[in-house]
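To find a chain, count down the sequence lines: A is the first, B the second, and so on, and within it residues start at 1.
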Amino acid sequence: MNIHHWTGADRRFRVFASPASWIEGASVAQLRLLAGRRGFLSAAAMADLHPGHKGPVGCAIETEGVIHPDLVGTDIGCGMALFALDIEQRQLHIDKAFKALHGLHEAVDAGDRAHQAAIAPDYAPGMGTVGGGNHFVELQVLDDRADEAACDAHGLRRGALFLLVHTGSRSLGPEVLERHGVGERGLDLQSPEGIAYLADHDRAVAFAAANRKLLAETAASLVRGNARLITDQPHNFVEPRPGGRVLHRKGAAPADRGLSPLPGSRGAQSHLLLPEAGPGEALASLPHGAGRKRDRAGMSDRAKDGDRPPRANPLGNRIICADRRMAAEEAPDAYKNIARVLADVEEAGLARSIARFRPIVTFKTAEARGR
DNA sequence: ATGTAC
């Protein structure tokens with residue numbers, strides 16, 4: 001194991017990344033600031049670590065009985081869900097699929113939306129919507145099976161189509177954070193305030209998972225197929241742990257709930273991870289993707305020099321993104337190399353890839369907005 | 001991240 005501890009001798013912090021991985025200094029600085037948080041015990045960062053608005057993204061943070069809602073952030077329950085389609089790549093008419101997927105939001109059934117949003121009816125308009133930022137619905141093909149037996153066990157066939165869905169709880173998450181917002185002091189796990197936050201948090205987590213399911217089912221119907229859930233893993237959430245501890249995950253997927261998607265950028269392959277025992281210092285966590293290499297503002301500025309964001313890319317997938325600013329901010333070169341992130345995961349013994357997926361069509365947004 | 005802050 002050749003894992004670089006960027007945080008030096010302070011054993012409360014671990015960064016599971018090799019020296020070959022680009023880790024921005026600002027994100028490590030944000031990580032170290034967590035030591036001042038009430039109840040702080042330790043933090044585990046992954047190779048996708050990057051700076052966020054209020055704190056580092058790509059890490060797990062454990063406290064002694066204190067919930068810090070601001071560390072989970074606004075998009076409570078945001079995560080990645082992978083669904084298998086009952087369609088082979090060779091059966092797919094790519095042009096038809098590309099055209100049909102433009103209508104993803106319009107195709108969501110009103111009754112299904114209301115049903116899935118029953119847990120938070122006031123937020124029903126957001127149910128079955130992708131949202132902005134790095135969210136997407138992506139049609140993929142399984143193009144390599146590193147572990148054939150594991151793939152067989154889950155019915156993952158080479159050449160079959162899949163849907164990878166990345167979205168969250170839409171406007172519900174921000175509302176929950178604001179309502180329980182407590183600055184940096186946090187909430188005691190056992191207090192009425194802590195219990196109340198957890199209840200609303202859990203609703204947002206469920207809402208987000210329902211959103212991913214509804215989007216996958218709708219996208220599947222647009223390509224004349226049916227979606228079967230392989231795995232759904234949140235990466236922005238908090239959970240009580242044995243011994244009165246609280247584990248926060250901010251851009252980190254759980255390593256103790258089975259298979260976990262590891263998406264690359266929208267111009268790269270994705271993987272499906274099978275978690276391994278791993279060291280306890282990793283706080284039962286995995287990276288949630290490639291992680292940003294360049295911030296959004298920088299990417300947006302670069303695009304103002306007249307370059308149209310590319311609709312295609314080296315892997316040949318087509319991207320539905322009518323919002324040019326979003327396309328610039330989310331361009332593949334804003335992200336780290338997923339192969340490098342995966343190598344660090346495997347080297348650290350956190351997980352291994354059992355399958356690799358190539359993007360075919362990516363849905364971001366069909367509405368033009370930014371310039 | 002967010003029916004996009006001032």
Task: Pairs where residues 249-299 of chain A contributes a residue and the test ring-ring contact (aromatic ring centres under 6.0 Å, His included) is met, not counting sequence neighbours - done: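 Qualifying pairs: His235(A)-His288(A).
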Just to be sure I understand the rule, does [X] reach a base, reach only the sugar-phosphate, or reach nothing, if contact means heavy atoms closer than 4.0 Å?
X	result
Gly52(A)	nothing
Gly133(A)	sugar-phosphate
Gly126(A)	nothing

- [ ] Show which residues join Tyr335(A) in its hydrophobic cluster (side-chain heavy-atom contacts under 4.5 Å, direct or indirect), or state none.
- [x]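 Tyr335(A) shares its hydrophobic cluster with no other residue.
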Open item on the list: Who clusters with Leu247(A)? Use side-chain heavy atoms, under 4.5 angstrom, across I, L, V, M, F, W and Y, and order the result by chain and number.
Closed with: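 Leu247(A) clusters with Leu283(A).
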- [ ] Walk along DNA chain B from 5' to 3' and tell me the first and last nucleotide with an atom closer than 4.0 Å to a non-hydrogen atom of chain A.
- [x]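 Counting from the 5' end, contacts occupy dA1(B) to dT4(B).
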Open item on the list: Going by the rule side-chain contact (heavy atoms from CB on, under 4.5 Å), which residues pair with Ala20(A) if we only count those two or more places apart in sequence or in a different chain?
Closed with: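 By the side-chain contact (heavy atoms from CB on, under 4.5 Å) rule, Ala20(A) matches Ser18(A), Arg340(A).
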- [ ] Report the residues that fulfil side chain to side chain donor-acceptor pair (under 3.5 Å) with Asp200(A), sequence neighbours left out, ordered by chain and then residue number.
- [x]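 Result, side chain to side chain donor-acceptor pair (under 3.5 Å) vs Asp200(A): Arg179(A), His180(A).
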